[in-house]
Amino acid sequence: MKISRTKLASLILLLALIILTLIALLNGHDLDDLLKAMENADASYLILAVACIVAFLFGQGFIFRYLFAVLGQNTDLIKCAGYSFKGYFFCSVTPFAIGGPPAQIVYMKKDNIPVPVASMVVFIVATFYKFVLVILGAVLIIFGQGFLAKYVGSAIVWFGVGMFLTCGFCFILFMFMFHPRLAKKAIFKFFRWLERHHLMKHKYGREENIEAGMSKYTQTADFLRNHPASMSVLLLLTAIQRFCLFAVTYCVYRALGFHDESVFTVVVLQATISICVDMLPIPGGMGISEALFTMLFAHIFTSTALLPALALSRGISYYAELIICAAVIFVTQYAFKGRRQRIHAEQT
């Protein structure tokens with residue numbers, strides 16, 4: 001199996017970030033104490049945390065299945081779950097999490113789902129996935145000033161940057177959907193500016209290709225306008241899905257023997273970290289996520305339990321998720337490769 005240079009570079013970057021993060025976290029700490037604290041954690045809550053990750057991954061598969069049904073496209077729930085697992089793997093290992101949606105569209109195309117339909121579904125899911133964070137961040141800014149002051153503290157700068165980037169991302173997406181002419185005009189001006197300043201070579205047919213690609217945003221806008229009730233359901237399903245991911249930290253909190261803080265406090269704090277790092281150009285927000293965890297959860301965990309909590313929470317919500325998704329990709333793409341080839345040979 002050949003590995004492209006881009007994939008190899010992404011893998012090297014991911015491994016380097018993992019090693020550097022581990023070195024930074026373990027600096028000045030006794031590894032034996034860390035392992036002992038993790039071993040003493042309540043296994044039942046850790047199993048529940050892993051179950052939350054599985055529910056999170058299957059949650060997007062259910063959302064895919066729901067949208068395909070609204071569009072009149074018959075799809076299998078297991079296949080839709082597979083798109084979710086594969087998408088999150090590529091999101092986790094690429095900057096800005098840009099690798100997931102294209103990979104999902106490719107896998108959907110292999111299952112004979114029309115590219116326009118696949119593109120629209122993936123686009124809507126990605127938009128609502130970010131939009132849930134925008135809503136939560138806005139609620140915190142309007143009604144949660146005391147919460148932010150108490151728990152976020154000096155990390156408020158990261159919160160502000162994350163909100164700015166996420167809101168900007170959602171604004172651009174919605175502008176493309178509901179004001180395609182304005183978006184197209186802005187894109188054309190941007191590329192012409194790059195060409196004038198010799199930052200990009202002129203390419204014949206570029207504007208025609210962009211204009212053709214913009215059609216999917218118009219189709220998405222029409223779909224949203226014509227299915228307001230379905231979009232409300234989608235927003236609720238996405239919020240529940242993200243809650244499953246954020247609830248991992250609460251399971252770890254209980255696994256380490258703590259119970260004073262409410263599930264609301266722990267979940268919202270973990271969601272705040274996602275607001276801060278989701279749009280950063282670092283695979284999985286690695287390094288920054290760990291640093292913010294130690295800052296935001298310093299009031300929740302004792303000083304001796306903070307590092308074990310970070311190791312378990314991050315280990316399950318990111319690394320275990322990454323391993324699960326990688327395993328699914330391996331099984332579906334390679335273990336069944338011979339079987340698919342035999343079926344194809346019989347059909348031909």
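Since the structure is predicted, the reported quantities are computational estimates derived from the model, not experimental observations. Atoms considered below: every heavy atom in the structure, side chains included; atoms not considered: hydrogens, waters and symmetry mates. The first residue of the sequence shown is numbered 1, and numbering continues consecutively from there.
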| Counterpart residues, ring-ring contact (aromatic ring centres under 6.0 Å, His included), relative to Phe64 (two or more places apart) | none
| query | ring-ring contact (aromatic ring centres under 6.0 Å, His included) with Tyr83: which residues, sequence neighbours excluded? | reply | none
| Taking atom CD1 of Ile300 and atom CG of Asp260, what is their separation to the nearest 0.5 Å? | 9.5 Å
| message | Do Ile329 and Phe90 have side chains that approach each other closer than 4.5 Å (heavy atoms only, starting at C-beta)? | response | yes
| Is Gln145 reaching over with its side chain to a backbone N or O of Ile141, donor-acceptor style, under 3.5 angstrom? | yes
| said: Show, in sequence, the C-alpha distance, side-chain angles and deciding distance for Val134 and Phe169, and conclude whether the side-chain contact (heavy atoms from CB on, under 4.5 Å) test is met. | reply: CA-CA 10 Å; Val134 172; Phe169 177 79; over 6 Å; no
| said: Determine whether a donor-acceptor pair (N or O, by modelled atom type, separation under 3.5 Å) exists between the side chain of Thr294 and the backbone of Ala291. | reply: yes
| Results of ring-ring contact (aromatic ring centres under 6.0 Å, His included) for Phe128 - residues two or more places apart only | none
| said: With a sphere of 6.0 Å drawn around CZ of Phe258, does it hold more than 12 non-hydrogen atoms of other residues, nucleotides or ligands? | reply: yes
| Side-chain contact, heavy-atom cut-off 4.5 Å: Ser230 with Tyr66? | yes
| query | Apart from Ile47 itself, what residues make up its hydrophobic cluster, given side-chain heavy atom links below 4.5 Å? | reply | none
| In chain order, what residues pass the ring-ring contact (aromatic ring centres under 6.0 Å, His included) check against Tyr151, with sequence neighbours excluded? | Phe147
| message | Between Asp111 (side chain only) and Ile113 (backbone N and O only), is there a donor and an acceptor less than 3.5 Å apart? | response | no
| message | Using modelled atom types and a 3.5 Å cut-off, is there a donor and acceptor pairing between side-chain atoms of Arg65 and backbone atoms of Thr75? | response | yes
| said: Is there a path of hydrophobic side-chain contacts, each under 4.5 Å between heavy atoms of I/L/V/M/F/W/Y residues, joining Leu48 to Met38? | reply: no
| message | Within this structure, what is the CG-CG distance for the pair Leu57 and Leu245, rounded to the nearest 0.5 Å? | response | 8.5 Å
| message | What verdict does the side-chain contact (heavy atoms from CB on, under 4.5 Å) test give for Cys80 and Phe68, after you've listed the backbone C-alpha separation in whole Å, the side-chain angles of each residue and the deciding distance to 0.1 Å? | response | CA-CA 9 Å; Cys80 288; Phe68 281 132; 4.0 Å; yes
| field | Candidate pair Leu46 and Asp42, rule side-chain contact (heavy atoms from CB on, under 4.5 Å), full reasoning | value | CA-CA 7 Å; Leu46 296 183; Asp42 189 332; over 6 Å; no
| query | Would you say Phe330 and Ile78 are hydrophobically clustered, going by side-chain heavy atoms of ILVMFWY under 4.5 Å? | reply | no
| Where the side chain of Gln241 meets the backbone of Gly59, is there a donor-acceptor pair that is under 3.5 Å apart? | no
| query | Is it true that a side-chain atom of Thr127 and a backbone atom of Phe123 form a donor plus acceptor pair closer than 3.5 Å? | reply | yes
| request: For residues Tyr45 and Tyr250, establish whether the separation of their ring centroids is below 6.0 Å. | output: no
| field | From CE (Met279) to OG (Ser274), nearest 0.5 Å | value | 13.0 Å
| remark: Sorted by chain and residue number, the salt bridge (charged side-chain N to carboxylate O under 4.0 Å, His left out) partners of Arg242 (sequence neighbours excluded) come out as Asp278
| message | How long is the straight-line distance from OG1 of Thr238 back to NZ of Lys130, given to the nearest 0.5 Å? | response | 12.5 Å
| said: Under the criterion side-chain contact (heavy atoms from CB on, under 4.5 Å), I'd like the reasoning laid out for Phe297 against Gln270: C-alpha separation, chi angles, the key distance, then a yes or no. | reply: CA-CA 9 Å; Phe297 283 96; Gln270 186 59 58; 4.0 Å; yes
| query | CG/Leu322 to OG/Ser317 distance, rounded to the nearest 0.5 angstrom? | reply | 11.0 Å
| query | What is the distance from atom CD1 of Ile324 to atom CD1 of Ile316, rounded to the nearest 0.5 Å? | reply | 9.5 Å
| With distance as the sole test, does Thr249 use its side chain to make a donor-acceptor pair with the main-chain N or O of Ser313 at under 3.5 Å? | no
| message | Under 6.0 Å from the ring centre and within 45 degrees of the ring axis: does the NZ or CZ of Arg314 meet both conditions for the six-membered ring of Tyr318? | response | yes
